[in-house]
Amino acid sequence: MSWISDPNFTEDQPFGPQTLPYGVVDGGVAVRVGDRALLLKSLALGKCSEYVQEDSLDPLLKAGRPIWSVLRAKLKEIVQSSSAPKGAELVGIETAKLPFTVGDYVDFYSSRHHAENVGRMFRPDGDALTPNWTHLPIGYHGRAGTVYVSGTEIVRPNGQKRGSDGPKFGPSERLDIEAEVGFVCGGPQAAKVSTSRAAEHVFGVTLVNDWSARDIQAWEYQPLGPFLAKSFATSIGAWITPLEAFSVARVPTPPLPNKLHDYLTCDQPWGLDITITVELNDTIVARPPFREMSWSFVQQLAHMTVNGATVRPGDLFASGTVSGPEKDERGSFLELSWGGKEPFKLDDGSTRSFLEDGDTVKLTATAPGEGGSVVGLAEVVGTVRSA
């Protein structure tokens, strides 16, 4: 029996001792234990103590894989002990904030189901996939300064949109979500990271909602890709689940139809069996399966750095919209409503194609853990308000 008395701190709950995600609350760096947070700065953590004294995960991200492994093992021992260690302090999780300084932000486009759905909508007379899609992980550089922690209100963006007599300007009328999985980087700065070394540069995993203004995107994105339609807001969870927690959840990625260049080949399976739940105003509208993603995070990181670009502690990259083969597995409202042509119904009887002011979106996710346990990813919540 653990000294931590919390009904949600059990192995059959997402934030039991098998998960132990890191975050930052008013008292400093902490790990989540059920619905409480265990502060770390006063615990006897040996050589790891120096990395958890600030009100940020930044020093821990820089420390690297050996320290991450030692600290996780020590914390698992502490939380599963029958008596509280000296200096232990449990606090609420309500004050959780953005836990690290976001460096570069890259967003990928790695779900074949999502890419094909979008291709069928936008290129009905052409190929669903562009010729390069099965050869490399497509992505773009986003804006780190507008990465927000869960709970931050999302202001409807303004921008140019296509009109019948030239472009018009105003608030987006087709505001959308993208349910994604994000990867928080750490360890030494490096370039040309191989797929076999990529995990050494990934500290942990978080849910991501990459909010998207589809009408602004449709007018601006050719020929250089996403800009204002994406840069206004990206939401992430307040707690970062260590990569080591997903050891049981690792699965092969779906096969691609062509041979890959050597730098993208993998000697281990690095797909992750994560299931996301998308709720809109308390109605579950989709359950996207991350195991369907064609490109793994190690391939994404290898591609991102193969040209000599570096990965640094605090860098964040996201998977791109997660969608599965079924309609109720689509991770964007663009797909769920098929471009607005097929509005979907909520439990209160209302329908949606895209987001209205006052709507609240909530993402949650779980993965299988050791011994039949459940590994959780912290929720990502955002409510839309008018511009």
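Note: hydrogens, waters and symmetry copies are ignored here, and every other heavy atom, side chains too, is used.
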key: Pairing residues for Glu379 by the salt bridge (Lys or Arg N to Asp or Glu O under 4.0 Å) criterion, not counting sequence neighbours   = Lys362
request  = Before accepting this row, confirm whether a basic side-chain N of the pair Arg312/Asp104 lies closer than 4.0 Å to the acidic partner's carboxylate O.
outcome  = yes
query = Is there a donor-acceptor contact under 3.5 Å linking the side chains of Thr283 and Asn281?
reply = no
query = Taking only residues two or more places apart in sequence, or in another chain, which ones meet Ala84 in a side chain to side chain contact (heavy atoms under 4.5 Å, CB included)?
reply = Trp3, Ala88
key: Validation row, ring centre Phe333 to ring centre Phe354 under 6.0 Å   = no
ask   = Which pairs pass ring pair (Phe, Tyr, Trp, His ring centres under 6.0 Å) with one or both residues in residues 42-70, sequence neighbours excluded?
value = Trp68-Phe203
ask   = Could you state the interatomic distance from OG1 (Thr364) to CG (Leu377), rounded to the nearest 0.5 Å?
value = 9.5 Å
key: ILVMFWY network linking Phe108 to Trp295, side-chain heavy atoms under 4.5 angstrom   = no
inquiry  = Is the shortest side-chain heavy-atom distance between Trp270 and Phe297 below 4.5 Å?
reply    = yes
task = Kindly indicate whether the side chain of Asp107, heavy atoms from C-beta on, has any atom under 4.5 Å from the side chain of Glu180.
result = yes
key: ring-ring contact (aromatic ring centres under 6.0 Å, His included) involving His114 - partner list, sequence neighbours excluded   = Tyr109
ask   = Side chains of Ser196 and Ser194: do they bring a donor and an acceptor to under 3.5 Å?
value = yes
request  = For Arg174, check salt bridge (Lys or Arg N to Asp or Glu O under 4.0 Å) against everything at least two apart and list the hits.
outcome  = none
task = Return the set of residues passing salt bridge (Lys or Arg N to Asp or Glu O under 4.0 Å) with Asp26 (not counting sequence neighbours), or none when no residue passes.
result = Lys97
Val285 side chain near Glu279 side chain, heavy-atom distance below 4.5 Å = no
query = So, for Val205 and Leu243, which heavy atoms are closest and what is the spacing to 0.1 Å?
reply = CG2-CD1, 4.2 Å
key: Under 4.5 Å side-chain linkage, directly or through intermediates, the cluster mates of Val70   = none
remark   = Interatomic distance, CG@Leu61 vs SG@Cys185, rounded to 0.5 Å, equals 9.0 Å
task = Under the side chain to side chain contact (heavy atoms under 4.5 Å, CB included) rule, collect the residues that match up with Lys345, sequence neighbours excluded.
result = Thr351
ask   = Hey, is Arg385 close enough to Glu153 for a salt bridge, meaning N to O under 4.0 Å?
value = yes
request  = Name all residues meeting the salt bridge (Lys or Arg N to Asp or Glu O under 4.0 Å) criterion together with Arg72; count only those two or more places apart in sequence or in a different chain, and write none if there are none.
outcome  = none
ask   = Have Asp176 and Ser212 got a donor and an acceptor in their side chains that come within less than 3.5 Å?
value = no
Would you mind writing out the side-chain donor-acceptor pairs for residues 34-46 within the sub-3.5 Å range, not counting sequence neighbours?
unit_1: Asp35; atom_1: OD1; unit_2: Arg32; atom_2: NH2; d: 3.4
unit_1: Asp35; atom_1: OD2; unit_2: Asn8; atom_2: ND2; d: 2.6
unit_1: Arg36; atom_1: NH2; unit_2: Leu90; atom_2: O; d: 3.3
unit_1: Lys41; atom_1: NZ; unit_2: Gly27; atom_2: O; d: 3.3

Pair up each side-chain donor or acceptor in residues 161-168 with any protein partner under 3.5 Å, not counting sequence neighbours, and list the distances.
unit_1: Lys161; atom_1: NZ; unit_2: Pro171; atom_2: O; d: 2.7

message = Give me each pair satisfying ring pair (Phe, Tyr, Trp, His ring centres under 6.0 Å) with a member in residues 216-241, each pair once, sequence neighbours excluded.
response = none
request  = Go through the steps for Val251 and Leu272 under the test side chain to side chain contact (heavy atoms under 4.5 Å, CB included), then give the verdict.
outcome  = CA-CA 6 Å; Val251 294; Leu272 298 175; 5.8 Å; no
